[in-house]
Number of protein chains: 2
Amino acid sequence: MLRRTQQREAIKKALIEAGRPLSPSEILFEAKEHSPGMGIATVYRAVKQLVESEWLVPVEIPGEPPRYEVVRQDHHHHFYCRECGRVYAVEHCPGDFRRMTPKGFALESHEVLLRGVCAECRQAAG
Amino acid sequence: MLRRTQQREAIKKALIEAGRPLSPSEILFEAKEHSPGMGIATVYRAVKQLVESEWLVPVEIPGEPPRYEVVRQDHHHHFYCRECGRVYAVEHCPGDFRRMTPKGFALESHEVLLRGVCAECRQAAG
DNA sequence: CTGCAAATGATAGGTTGCTATCAAAACCGT
DNA sequence: ACGGTTTTGATAGCAACCTATCATTTGCAG
C-alpha cells in the first residue's frame with residue numbers, strides 16, 4: 001500500500017507553496033528545502049502517482065519539459081515567461097472556439113498559451 | 001551559392017501540396033513521391049534553410065515534433081487531430097488576450113491550439 | 001520493537017529528435 | 001563535357017528527458 005513519506009510530503013508542499021505549475025527539476029529544487037538529499041527519480045515517481053490520483057495535472061509547453069499544477073476547478077490557461085521560464089496560471093478565457101473549428105471537425109478541447117515577460121523579470125530588467 | 005536540387009524542390013512541393021503544416025517525417029514521406037530515396041538528413045537540412053530564409057514557419061505542438069508550414073500573411077492558429085496527428089490551420093482568432101494578462105506582465109504573443117478529431121478521421125470512425 | 005514490504009537515491013539504460021561526418025553523387029558555370 | 005563546389009544519404013553521435021534496476025533505508029502493522 002501507499003506510505004506517507006517525508007519526500008512525497010515535501011513535493012506536495014513545494015507545489016502548493018509555489019502556487020504555479022512546476023517542472024520536475026523545479027519541484028526537485030523546491031522540495032529539497034523540506035527534504036534535502038532528495039533525488040530526481042523520486043520526483044518523477046511522485047509526480048506520476050499524483051497525476052494518476054488526480055491531485056496534479058500536467059501543463060504542456062512546446063519545447064519545454066511539462067509543468068505540473070495542483071488540480072483546480074476553474075477553467076484557465078497559462079503564461080510562459082521567456083526570461084525565467086516560469087509558468088503562471090491566468091484567468092479569463094475568451095471562449096467561443098467553436099467558430100474557429102473547421103466544418104466536420106469535432107472540437108474536444110483547446111489550449112491558450114500567452115508568451116512574454118513576467119512582472120518580476122520586467123522589474124529586474126528595468 | 002545555393003543550388004537548386006531535385007530534393008529541395010520535392011520538399012517545397014510536398015509542403016505546398018499538403019496545404020497544412022508537416023513534421024519532418026511527414027515531409028520525408030510526401031517528398032519521396034517526387035524524389036524517391038531521399039534521406040531524413042536532407043529534410044532536416046532543407047527545413048533549417050527554409051526557416052532561415054523565411055519560406056517556412058515552425059508550428060510547435062506540446063509533446064510532438066514541430067510541424068512546418070509555408071509562410072502566410074494572416075494571423076491564424078491550429079487544430080491537432082488526436083487520431084491521425086495531423087495539424088490544420090484554422091481561421092478566426094478570438095483576440096483580446098490582454099485582459100487575460102496579469103498586471104505587470106508584458107504580453108508579446110499568444111498561441112491557441114484546438115484539439116479534437118478531424119473530418120477525415122470522424123468519417124473513418126463512423 | 002521487530003520485520004518486511006514499500007520507498008528512496010544513484011545511476012545505467014532507453015527513447016526521440018536532431019546534428020555531425022564523410023565518401024559518393026549531383027549541380028552548374030564555363 | 002569538365003571540374004570544383006555543393007548537396008546528398010547513411011549512419012554515428014549527441015542531448016534532453018524519462019524509466020528501470022538494485023542495494024539500502026524507511027514507514028508502519030502487529
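Numbered from 1 within each chain, the chains take letters A, B, ... in sequence-line order.
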If you count the non-hydrogen atoms of other residues, nucleotides and ligands that lie under 6.0 Å from [atom1] in [X], is the total more than 12?
X: E52(A); atom1: CD; value: yes
X: R72(A); atom1: CZ; value: yes
X: E64(A); atom1: CD; value: yes
X: E108(B); atom1: CD; value: yes

Rounded interatomic separation in angstrom, taking [atom1] from [X] and [atom2] from [N]:
X: K48(A); N: dA7(C); atom1: NZ; atom2: P; result: 13 Å
X: M38(B); N: dT11(D); atom1: CE; atom2: P; result: 17 Å
X: I11(B); N: dT7(D); atom1: CD1; atom2: C1'; result: 11 Å
X: L28(B); N: dG9(D); atom1: CG; atom2: C1'; result: 11 Å
X: Q49(B); N: dT7(D); atom1: CD; atom2: P; result: 6 Å
X: I40(A); N: dC17(D); atom1: CD1; atom2: P; result: 10 Å
X: E9(A); N: dA7(C); atom1: CD; atom2: P; result: 13 Å

* To do: Classify the nucleic acid contact of R45(A) as base, sugar-phosphate or nothing, counting any heavy atom under 4.0 Å across all strands shown.
  => base
* Spell out, yes or no, whether F29(B) and I61(B) are grouped together once hydrophobic residues are joined by side-chain heavy atoms under 4.5 Å, including indirect joins. => no
* Structure fact -> In B/S/- notation (B base, S sugar-phosphate only, - none; protein heavy atoms under 4.0 Å), nucleotides 23-30 of chain C written 5' to 3' is ---BBS--
* Annotated protein contacts, base or backbone, on nucleotides 12-18 of chain C with a non-hydrogen cut-off under 4.0 Å, one of B, S, - each -> -----SS
* Structure fact -> Out of dT8(D), dT11(D), dT11(C), minimum distance to the side chain of T42(B) belongs to dT8(D)
* Asked: Quick check, are the ring centers of Y80(B) and Y88(B) under 6.0 angstrom apart?
  -> no
* Asked: Are H110(A) and H77(B) close enough that their ring centres sit under 6.0 Å apart?
  -> no
* **Option among P24(B), S23(B), P21(B) that satisfies the side-chain contact (heavy atoms from CB on, under 4.5 Å) test with Y68(B)** => P24(B)
* Passing option when E26(B) is tested against K32(B), R86(B), R20(B) for salt bridge (charged side-chain N to carboxylate O under 4.0 Å, His left out) -> R20(B)
